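First up is the structure itself, then whatever we jot down about it.
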Amino acid sequence: MASQRRNKGERLYLRYLILGAWALFCLAPVLWFLSIGFRPRTEIITRQPIYLPSFSLDAWHMIWSDWPMGHYLRNSLLAIAGSVVIDLVLAVPAAFSLARYRYKGREDIGFYILSTRMMAPAIVAIPIFFLFKTMGLLNTVWALMLIYAAINLSVVTWIIRSYMLDIPKELEDAARTDGASDLRILWEIIIPAILPGIITAGVIAAIFAINEFLFTLLIASTKDAYTLSVALANFTGGSDGVIYNAIALVAFLAFVPVFLVVAAIQKHLSRGLTMGAVKG
């Protein structure tokens, strides 16, 4: 028994050692980026490698004093959170209709919704620009919310629909027998049952919105509506050249919220990514 416990402890120790080494390997680029953000610019652009770099807060002071990074971060959070809310509010009833109701052209409508995500963004960039200009929404966070929501709505709808197909219809039939309406069934039965899928769809929509650059640059052309992605682009030009330490620090700040959200809901996310995966 003692030898079995010792062997089990050794295997467990070896497992943790391998997982720790793998985690360190995965986090190495992030830690390297963070180290660049807290190094002097002269040490970054030097030709000779510096193995023991010095510590500097120049980039930190630059992004918070010379650049209103707090304002850019607020714009990013508002635009992303608003777009996710819009997507979920519209996608849940749309997915319920596609998953439960039977009507002519249902499959064609579902495929059309998904096919809009396959369209190249550059095709509709100019019409969208003039549309928002006519509506007076250029250089506003509201425009970013709408465009992010429009881009990701098809994916969110299709993902949530696949989860609804996994819910047994007998639950709905029993609720209808008791006199429940479709709206009550959706709110009290379907949504709690597919909550992991809704969380997954929301996180995926948020990640897609964070990575969106073309429409962000097109719509947010002034500092009032700049997001972190556009602010990053402004560190790569001008009379000062490429400001590597500021780029690394802002990129790290943009990465941290996504990492924390994914780490906090990883159980729901992993279940949501597999739940309904085989449904069409």
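Computed from a prediction, not measured in an experiment: that's the story for all the values here.
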| request: Evaluate the criterion side-chain contact (heavy atoms from CB on, under 4.5 Å) for residue pair Ile160 and Leu88; output intermediate values, then yes/no. | output: CA-CA 9 Å; Ile160 295 178; Leu88 294 180; 4.1 Å; yes

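- Between Arg176 and Asp182, the shortest heavy-atom distance links the atoms NH2-OD1, 3.0 Å.
- At a threshold of 4.5 Å between non-hydrogen side-chain atoms, the residues Ile189 and Arg184 do not count as touching.
- You'll find the side chain of Leu57 reaches within 4.5 Å of the side chain of Phe38, heavy atoms only.
- Because its NZ or CZ atom is both nearer than 6.0 Å to the ring centre of Trp158 and within 45° of the ring axis, Arg161 counts as a cation-pi partner of that residue.
- Taking the side chain as every heavy atom from C-beta outward, Arg100 and Ile167 approach each other to under 4.5 Å.
- Other residues, nucleotides and ligands contribute at most 12 non-hydrogen atoms within 6.0 Å of the CH2 atom of Trp142.
- Interatomic distance, Phe255 CZ to Ile210 CD1, rounded to the nearest 0.5 Å: 11.0 Å.
- Note on Trp32 and Ile247: same hydrophobic cluster, where clusters join Ile, Leu, Val, Met, Phe, Trp and Tyr whose side-chain heavy atoms are under 4.5 Å apart, directly or indirectly.
- Scanning both residues, Thr157 and Ala91, for their nearest heavy atoms gives OG1-CB, 3.4 Å.
- Taking CG of Leu214 as the start and CD of Glu212 as the end, the distance is 6.0 Å to the nearest 0.5 Å.
- Hydrophobic cluster membership differs between Leu14 and Phe25, with clusters built from Ile, Leu, Val, Met, Phe, Trp and Tyr side chains linked at under 4.5 angstrom.
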| request: Assess whether side-chain contact (heavy atoms from CB on, under 4.5 Å) is satisfied between Leu253 and Ile63, documenting all intermediate values. | output: CA-CA 11 Å; Leu253 293 176; Ile63 65 174; 3.8 Å; yes

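- You'll find the side chain of Thr200 reaches within 4.5 Å of the side chain of Tyr163, heavy atoms only.
- Two residues are said to be in side-chain contact when any heavy atoms from C-beta on lie closer than 4.5 Å; Tyr148 and Val84 fail this criterion.
- The shortest side-chain heavy-atom distance between Met164 and Leu186 falls under the 4.5 Å cut-off.
- Counting non-hydrogen atoms of other residues, nucleotides and ligands closer than 6.0 Å to CD1 of Ile126 gives a total of 12 or fewer.
- In this structure, CZ on Phe33 lies 6.0 Å from CD1 on Ile36, to the nearest 0.5 angstrom.
- Side-chain contact between Val156 and Ile204 is absent, with no heavy-atom pair separated by less than 4.5 Å.
- Minimum interatomic distance between Asn245 and Pro40 (heavy atoms only, all atoms of both residues): ND2-C, 4.4 Å.
- Residue Val85 is not grouped with residue Phe208 when hydrophobic side chains (ILVMFWY) are merged at heavy-atom distances under 4.5 angstrom, including chains of intermediate members.
- Note: Tyr101 and Phe96 have perpendicular aromatic rings, judged against thresholds of 30 and 60 degrees for the angle between ring planes.
- Listed for the Glu170 side chain is no donor-acceptor partner under 3.5 Å among the backbone atoms of Glu172.
- Put simply, the side chain of Val155 reaches to within 4.5 Å of the side chain of Ile159, judged on heavy atoms.
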| task | I would like to know whether Phe215 and Val124 meet side-chain contact (heavy atoms from CB on, under 4.5 Å); could you show each step before the answer? | result | CA-CA 10 Å; Phe215 289 108; Val124 295; 3.9 Å; yes

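- Note: the hydrophobic cluster containing Ile86 also contains Met135 (ILVMFWY, side chain heavy atoms under 4.5 Å, direct or indirect links).
- Of all heavy-atom pairs spanning Leu218 and Ala125, the tightest one is CD2-O, 3.2 Å.
- When the shell of 6.0 Å around CZ of Phe259 is examined, it contains 12 or fewer heavy atoms from other residues, nucleotides or ligands.
- Side-chain heavy atoms closer than 4.5 Å link hydrophobic residues (I, L, V, M, F, W, Y) into clusters, and following such links, even through other members, never connects Val30 to Leu24.
- Separation of atoms CG (Asn152) and CD1 (Ile207) is listed at 10.5 Å; rounding is to 0.5 Å.
- In plain terms, the two heavy atoms of Ala246 and Met62 that are nearest each other are CB-SD, 4.2 Å.
- Other residues, nucleotides and ligands contribute at most 12 non-hydrogen atoms within 6.0 Å of the OH atom of Tyr16.
- Between the CG atom in Leu137 and the CD1 atom in Ile147 there is a gap of 11.0 Å [rounded to 0.5 Å].
- Annotation: the span from Asp87 atom CG to Ile198 atom CD1 amounts to 12.5 Å, rounded to 0.5 Å.
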| task | Show your reasoning for whether side-chain contact (heavy atoms from CB on, under 4.5 Å) applies to Asn75 and Leu144. | result | CA-CA 9 Å; Asn75 289 343; Leu144 296 176; 5.5 Å; no

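- In terms of heavy atoms, Ala220 sits closest to Ala225 at CB-O, 3.2 Å.
- Remark: the backbone N or O of Pro93 is not paired with any side-chain donor or acceptor of Ser97 at under 3.5 angstrom.
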